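Here the structure is a predicted model, which is why all the values come from computation and not from measurement.
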Amino acid sequence: MRVNTVWTIVLGFAADPLARWSWPDSNQYLSSMPEFVVACGGRAFENGTAYIAAGLRAAALWLPPGVQQDEPALDALMERSLRPEIAEDMACLRNGMAEHHPPEPHWYLPLIAADPNWAGQGLGSQLMQHALRRCDEEGVAAYLESSNPQNITLYRRHGFKIIGEIQHGSSPPLTPMLRLPT
């Protein structure tokens with residue numbers, strides 16, 4: 001299931017502004033993005049917080065409080081795969097992401113996506129509701145960065161609020177969003 005979940009996310013990010021700015025060539029995207037997904041959200045599998053909907057038509061990788069992305073793996077991937085002209089911009093984006101993470105314990109959603117054939121069917125909302133119920137039960141905030149402005153409406157519907165903007169050089173903007181428990 002892990003491999004299929006990763007590929008669902010890869011499919012879902014195929015037209016994502018930040019992902020395709022990072023790897024505009026389709027071969028480069030397809031070779032780098034699965035590794036990116038695992039480095040960003042792979043620890044969700046270890047923690048039982050990788051969620052799927054409708055038979056892998058959509059997936060979300062949530063990192064529980066205290067669980068971090070695999071930064072060494074991300075560093076290695078970025079060094080190996082990014083075009084030199086965007087490397088500094090990406091480093092600044094990653095620093096901005098770190099600066100916006102709430103200092104208190106929180107659930108972090110690095111990746112949520114639907115297979116494009118199934119987008120718009122409410123699967124993202126199902127995945128959000130499932131995870132946010134747990135956040136509320138635990139009384140813990142949820143945090144994410146939206147790499148696609150089209151998804152901000154979905155996140156707002158689920159109680160997330162914009163807390164800034166992260167952008168550097170030629171990069172598309174990232175929108176950090178926070179949801180307090182209800």
Side-chain angles (χ1 to χ4, degrees), residues 1-65 67-70 73-74 77 81 97 106-138 140-162 172-179 181-182:
M1 180 176 91
R2 178 181 172 135
V3 170
N4 292 339
T5 302
V6 168
W7 280 105
T8 295
I9 294 171
V10 170
L11 282 171
F13 274 79
D16 179 80
L18 184 62
R20 296 320 297 267
W21 169 78
S22 301
W23 301 292
D25 176 77
S26 58
N27 289 326
Q28 187 182 35
Y29 173 77
L30 290 171
S31 67
S32 299
M33 190 63 181
E35 188 177 344
F36 178 80
V37 171
V38 171
C40 284
R43 292 183 173 150
F45 295 104
E46 302 160 16
N47 287 279
T49 54
Y51 305 124
I52 60 167
L56 280 168
R57 291 178 178 161
L61 302 179
W62 284 88
L63 300 181
V67 175
Q68 306 298 317
Q69 298 181 43
D70 186 344
L74 279 170
L77 173 64
S81 67
M97 292 167 70
H106 61 278
W107 281 86
Y108 175 47
L109 176 62
L111 298 159
I112 183 171
D115 177 327
N117 277 342
W118 302 101
Q121 303 294 313
L123 300 176
S125 284
Q126 288 176 21
L127 290 167
M128 293 295 282
Q129 289 167 354
H130 177 74
L132 293 175
R133 205 172 306 120
R134 184 170 182 179
C135 294
D136 291 343
E137 289 169 1
E138 295 176 2
V140 178
Y143 172 78
L144 60 83
E145 298 106 1
S146 179
S147 57
N148 189 334
Q150 294 178 354
N151 296 334
I152 290 173
T153 303
L154 167 70
Y155 303 136
R156 281 189 164 150
R157 276 198 316 266
H158 291 280
F160 284 87
K161 300 202 180 325
I162 294 172
L174 272 172
T175 305
M177 302 183 79
L178 182 67
R179 181 189 180 272
T182 59

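- Leu74 contributes atom CG, which lies 4.5 Å from atom SG of Cys40 (distance to the nearest 0.5 angstrom).
- Nearest heavy atom pair, residue Arg43 against residue Gln68, reads NH1-O, 2.8 Å.
- Residues Pro64 and Thr49 approach most closely at CD-OG1, 3.7 Å, considering heavy atoms.
- The aromatic rings of Trp23 and Tyr29 lie tilted to each other, with the angle between the two planes from 30° to 60°.
- Under the 3.5 Å distance criterion, the side-chain polar atoms of Asp115 are left unmatched by any main-chain donor or acceptor of Arg57.
- Taking the side chain as every heavy atom from C-beta outward, Pro149 and Thr175 never approach each other to under 4.5 Å.
- Between the side chains of Tyr108 and Gln69, at least one donor N or O lies within less than 3.5 Å of an accepting N or O.
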Requested in this report: Report the C-alpha separation of Val3 and Trp7 in whole Å, then their side-chain angles, then the decisive distance to 0.1 Å, and conclude whether the side-chain contact (heavy atoms from CB on, under 4.5 Å) test is met.
Outcome: CA-CA 6 Å; Val3 170; Trp7 280 105; 3.7 Å; yes
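- Put simply, CG on Leu111 and CD on Glu145 are 10.0 Å apart, with the number rounded to the nearest 0.5 Å.
- Atom CH2 of Trp118 is surrounded by 12 or fewer heavy atoms from other residues, nucleotides or ligands within 6.0 Å.
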Query raised in the report: Do Ile112 and Tyr155 pass the side-chain contact (heavy atoms from CB on, under 4.5 Å) test, and can you show the C-alpha distance, the side-chain angles, and the key distance before you say yes or no?
Result: CA-CA 11 Å; Ile112 183 171; Tyr155 303 136; 3.4 Å; yes
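- Note: Arg133 CZ to Thr182 OG1 = 11.0 Å, rounded to the nearest 0.5 Å.
- The heavy-atom pair separating Glu138 from Trp107 by the smallest distance is OE1-NE1, 2.9 Å.
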Requested in this report: Go through the steps for Val140 and Arg134 under the test side-chain contact (heavy atoms from CB on, under 4.5 Å), then give the verdict.
Outcome: CA-CA 9 Å; Val140 178; Arg134 184 170 182 179; over 6 Å; no
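- Side-chain N or O atoms of Ser31 include one that pairs as donor or acceptor with a backbone N or O of Gln28 at under 3.5 Å.
- Rounding to the nearest 0.5 angstrom, the gap separating the NE2 atom in His130 from the CH2 atom in Trp62 is 10.5 Å.
- Annotation for Thr8 and Ala59: closest pair CG2-N, 4.2 Å, computed over non-hydrogen atoms.
- Listed here is the closest heavy atom pair of Arg179 and His158: NE-O, 2.7 Å.
- When each of Thr5, Leu127, Asn4, Leu123 is paired with Ile52, the side-chain contact (heavy atoms from CB on, under 4.5 Å) condition holds for Thr5 and for no other.
- In this structure the side chain of Ser81 never reaches within 4.5 angstrom of the side chain of Phe36, judged on heavy atoms.
- With rounding to the nearest 0.5 Å, the separation of CG in Leu144 from CG in Leu63 is 12.0 Å.
- Open room surrounds CD on Gln150; 12 or fewer heavy atoms of other groups in view lie less than 6.0 Å from it.
- The heavy-atom pair separating Pro172 from Pro17 by the smallest distance is CG-O, 3.6 Å.
- Between the side chain of Arg20 and the main chain of Pro24, a donor-acceptor pair closer than 3.5 Å is present.
- Between atom OH of residue Tyr143 and atom CE of residue Met97 there is a gap of 6.5 Å, rounded to the nearest 0.5 Å.
- Side-chain contact between Phe160 and Leu154: absent, with no pair of heavy atoms (C-beta onward) separated by less than 4.5 Å.
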